[in-house]
Amino acid sequence: MTPGAFFLRLCAGKFTDEDLNDEGNAFAATYFDLQKGKYIADYEAIFGKDGPTIYHVADTWENYDRIAPLLDDRLTAWRQRA
């Protein structure tokens, strides 16, 4: 099962604040903010050359493994500032 299929099966394709605890929601509000957050830039840095757009990234565990360490690093840095 791919990461996307796993998400669709467990969360019915919807990721909401109910899926995270208070800390997770606070981090997500900061990191995924479309105006000030770093997620899109991080995603583009890792996957930007893999296809015609960032929306063409293959749904694979290998790609998950490419971005997961950066997400962990961003969470760790956020916790140190909080």
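Since this is a predicted model, take the numbers as computed values, not measurements.
- Taking the side chain to side chain donor-acceptor pair (under 3.5 Å) definition, one finds that Y31 meets it with D42, sequence neighbours left out.
- Tracing side-chain contacts under 4.5 Å through hydrophobic residues (I, L, V, M, F, W, Y), one reaches L75 starting from I40; they form part of the same cluster.
- Sequence neighbours left out, the pairs with a member in residues 53-82 that pass ring pair (Phe, Tyr, Trp, His ring centres under 6.0 Å) are F27-W78, W61-Y64.
- Minimum heavy-atom separation, I54 to Y43: O-CE2, 3.4 Å.
- Cluster partners of F6 are M1, L10, counting Ile, Leu, Val, Met, Phe, Trp and Tyr whose side-chain heavy atoms approach within less than 4.5 Å, directly or via other members.
- The environment of D22 atom CG is sparse: at most 12 non-hydrogen atoms of other residues, nucleotides or ligands sit within 6.0 angstrom.
- Residues meeting the salt bridge (charged side-chain N to carboxylate O under 4.0 Å, His left out) test with E44, sequence neighbours left out: none.
- With sequence neighbours left out, F15 forms a ring-ring contact (aromatic ring centres under 6.0 Å, His included) with no residue at all.
- Cluster annotation: V57 and F7 are assigned to distinct hydrophobic clusters (Ile/Leu/Val/Met/Phe/Trp/Tyr, side-chain heavy-atom contacts under 4.5 Å, transitive).
- Looking at residues two or more places apart in sequence or on another chain, you find a side-chain contact (heavy atoms from CB on, under 4.5 Å) between I46 and R66, I67, L70.
- Note that the CG atom of N25 and the CD atom of E18 stand 9.5 Å from one another [nearest 0.5 Å].
- One N or O on the side chain of D59 and one on the backbone of G4 form a donor-acceptor pair closer than 3.5 Å.
- Side chain of D19 to main chain of T16: a donor-acceptor pair is present (N/O by atom type, distance under 3.5 Å, no hydrogens or angles).
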